[in-house]
Number of protein chains: 2
Amino acid sequence: MALKAVKTKVSLADKAYRELKRKILDNELHSSQQMTEAEVSVLLNMSRTPTREAMLQLANEGLIELKPRHGMRVKPISIDDMQEIYEILTGLESTAAALCATKGLTEEQLSLMHDAVDTMNKTLDQDNLTEWAKADEQFHRYLVEFADNNRLTSLVSNFIEQSHRFRMLTLKMRPKPTNSNKDHLDVISAIELRDSEKARLIHHQHREKSGRMLIALIKEVGLNHI
Amino acid sequence: MALKAVKTKVSLADKAYRELKRKILDNELHSSQQMTEAEVSVLLNMSRTPTREAMLQLANEGLIELKPRHGMRVKPISIDDMQEIYEILTGLESTAAALCATKGLTEEQLSLMHDAVDTMNKTLDQDNLTEWAKADEQFHRYLVEFADNNRLTSLVSNFIEQSHRFRMLTLKMRPKPTNSNKDHLDVISAIELRDSEKARLIHHQHREKSGRMLIALIKEVGLNHI
DNA sequence: AGAGTCTATAATGTATACATTAATAAATTT
DNA sequence: AAATTTATTAATGTATACATTATAGACTCT
C-alpha cells in the first residue's frame, strides 16, 4: 500500500489488505465465494471504509475481481491468464538475468545463489519437493533482487502472487525438476562471465520450458481455472 | 480503476482519478506542489472520499507520492527512476516483439505497423518531430498490442505514463532519430519471418540504444529530476 | 407454467462527523 | 538568541449516515 512504506503504525486499511491477501494466497478464500463490502467488513471486524480501500487495492493488483452490487470474489485464474502471466514473468526474469550480468554481482550475492542451487540439489535427492520449491523460489527471488531495479522487483512479486495458487496446486503433479538445477547453474555461470545475452537466453529458455510444461500439465488434468 | 471496465456510469472517484492523471501528464501539476486531501477536493470540487480513493490509486501507480500530514505531490522522476523504467520497458517491449514473432501477426496488423514507419519516414523528412514522435509511439503501441497479452499491454501503458513527462521534455533535445525507422523496419521483418529471437534482439538493442542516449542527454543537460 | 410488472431490499458511492495525532506556532526558560 | 515546552491547529484514518440504484422476490396476467 502506498502509505505503508512511510509509517510505523499500520492503518486498518493496510491490515485489511494484508489479511485478505493472506487468505487469498493461502486458499482460505476461493473464487466460488462472493462477498459484499459489508460481509468482508464483518469478516475483518472493521468498518467499510478501510475494507473498501483494501478491496480496491487488491482488485487493482489482479487478485480479486469486483462485481457491482455483488461484492468481491477471488479472481479465478484461467489457463489463458497463466499463459499471460508466464509470458511476462519469462520476459521480466530474463531481463533480470541480463541485468545481473551487465551490472555484475558481488561474491556474496553469487554465493547466495549457489547456496540456493545447492539446496535444490540436496532436497531433490531427498525427494522433498516442498523444500525444493522453496529453494527454487529463493533462487528466482535472488535473481530479481540482485538485478537492482526496485520496480522490476515489485512487478515480479505481484505476478508471482497472482500465480501462487496455481503453482502450489501443480507442485506435486509436475515431473521431477531434474533440469532446473542445471539451468540455474548455467545462468549463474553466464552472470559470472558478465555475458548478459547468454544469461538472458538461458533463463528465457528455462522459463519458457517450465511454462510450457506447466500449461500442458494443467490441460492434461483438465483444469480450466482455479 | 478496477470498477470502470464494468460500468457505464463513471464514479466521482474515477473522475477524480482521470482528472488528476491528466493534470500530471500535461504538466498542470508539478512535483514542487504539495497538496492535502482537502486542497485536492477543492480543486476537483468533490468530497474527500472519492478524492482520497483516486489519490491512493495514483500513488500505487507511481505517478504521485503521499507524504503523511502533507498530502500528495507529483512524484519526481529522477535519472535513476528513468533508468529503472527504461530497463523494464526494454525487457517488456522486447518480450512483446518476440511474442509477435512467435504468435504471428495478420496482414492487417503488419500493414498497420508498416504504415506507422512510413509516417515516421515522412515526418522525419519534414522535420516534424512532434508528428514523428506520435508515429513512433503508435508503432510501439502496436508492437505491444499485437503481442496479444492484456497484462503486458497494461504494464507497458503504466510505465509509459510514468516516463511521459520526461520523454516530452527531451523530445526536442534529442538528435534526429534517423536510426529508429530502420530499427523498426528490421523488427517488422523479423516478425514476418517468425524469428522471435531476432525480433527480440533487434528491439532490445533499439530500446537499449534509445535509453542510453536519453540518459546521457539528461545528464548532459544537468537534469537531476522532474 | 411462464412472462411481465411492481415493490422492497440491499449494495455501494459519497459526504461528513469525529477521534487521533503529527506539525506548527506561541510561550517560556536558559 | 537559542532551546525547550506547551498549546493550538490541521491532516487524515475511520465510522456511519444518506442518497441512489441495481437486484431479487412477490404479485399479476396470460
Side-chain angles (χ1 to χ4, degrees), chain A residues 1-21 23-24 29-75, chain B residues 1-23 29-75:
Chain A
M1 213 119 187
L3 282 170
K4 76 193 176 211
V6 192
K7 298 178 303 170
T8 50
K9 197 182 177 203
V10 172
S11 63
L12 281 183
D14 200 42
K15 278 180 181 171
Y17 168 81
R18 293 186 197 195
E19 181 67 13
L20 283 173
K21 184 185 250 195
K23 286 181 185 297
I24 292 163
L29 288 177
H30 308 105
S31 55
S32 58
Q33 292 163 284
Q34 191 80 33
M35 297 176 74
T36 63
E37 283 181 10
E39 285 167 337
V40 180
S41 300
V42 169
L43 178 76
L44 299 175
N45 196 28
M46 58 182 71
S47 80
R48 279 179 54 227
T49 310
T51 304
R52 178 180 167 82
E53 286 188 6
M55 284 164 70
L56 290 173
Q57 172 69 14
L58 288 163
N60 278 299
E61 285 179 10
L63 289 171
I64 66 170
E65 60 188 13
L66 299 170
K67 194 175 175 185
R69 301 281 177 169
H70 288 79
M72 66 155 258
R73 68 170 183 159
V74 176
K75 192 165 194 177
Chain B
M1 214 123 182
L3 282 168
K4 73 192 176 206
V6 190
K7 296 178 306 169
T8 49
K9 196 181 178 203
V10 172
S11 62
L12 280 184
D14 201 43
K15 278 179 180 171
Y17 168 81
R18 293 185 197 195
E19 179 68 12
L20 284 172
K21 185 186 249 194
R22 186 192 64 74
K23 285 180 185 300
L29 288 177
H30 308 105
S31 55
S32 58
Q33 292 161 286
Q34 192 82 32
M35 297 175 74
T36 64
E37 283 183 9
E39 285 166 338
V40 180
S41 300
V42 171
L43 179 76
L44 300 175
N45 194 27
M46 59 180 75
S47 79
R48 278 179 55 226
T49 310
T51 303
R52 177 180 168 82
E53 286 188 4
M55 284 166 69
L56 290 173
Q57 171 70 12
L58 288 163
N60 277 302
E61 285 179 11
L63 287 171
I64 66 170
E65 62 187 13
L66 299 170
K67 192 178 179 186
R69 301 280 174 171
H70 288 79
M72 66 155 259
R73 69 170 182 160
V74 176
K75 194 166 191 173

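Protein chains get the first letters and strands the later ones, always in sequence-line order, with residue 1 at the start of each. Both backbone and side-chain heavy atoms feed into the values below; hydrogens, waters and symmetry mates do not.
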Is it true that a side-chain atom of [X] and a backbone atom of [Y] form a donor plus acceptor pair closer than 3.5 Å?
X: Arg73(A); Y: Ser31(A); answer: yes
X: Gln34(B); Y: His70(B); answer: yes
X: Glu19(B); Y: Ala16(B); answer: no

Lys75(B): partners by salt bridge (charged side-chain N to carboxylate O under 4.0 Å, His left out), with sequence neighbours left out: none

How close or far is atom [atom2] of [N] from atom [atom1] of [X], stated in whole angstroms?
X: Glu37(A); N: dT16(D); atom1: CD; atom2: P; value: 15 Å
X: Leu66(B); N: dG13(D); atom1: CG; atom2: C1'; value: 13 Å
X: Tyr17(A); N: dG13(D); atom1: OH; atom2: P; value: 17 Å
X: Leu56(B); N: dT12(D); atom1: CG; atom2: C1'; value: 11 Å
X: Asp14(A); N: dT12(D); atom1: CG; atom2: C1'; value: 15 Å
X: Lys67(B); N: dA10(D); atom1: NZ; atom2: C1'; value: 15 Å
X: Met72(A); N: dA11(C); atom1: CE; atom2: P; value: 15 Å
X: Glu53(B); N: dT12(C); atom1: CD; atom2: P; value: 12 Å

Touch class at under 4.0 angstrom, heavy-atom based, for Thr36(B) against every strand present: sugar-phosphate

Given DNA chain D, 5'-ward residue of the pair Arg48(A) and Leu12(A), judged by closest heavy atom: Leu12(A)

Return the [atom1] to [atom2] distance between [X] and [Y], rounded to the nearest 0.5 Å.
X: Tyr17(A); Y: Gln57(A); atom1: OH; atom2: CD; value: 5.0 Å
X: Lys23(B); Y: Leu63(B); atom1: NZ; atom2: CG; value: 15.0 Å
X: Arg52(B); Y: Thr49(A); atom1: CZ; atom2: OG1; value: 9.0 Å

Can you pull every protein N or O that's under 3.5 Å from an N or O on nucleotides 22-24 of chain D?
from, atom 1, to, atom 2, distance (Å)
dA22(D), O4', Arg69(A), NE, 3.2
dA24(D), OP1, His70(A), NE2, 3.3

Under 3.5 Å donor-acceptor pair, Thr49(A) side-chain atoms to dT16(D) base atoms: yes

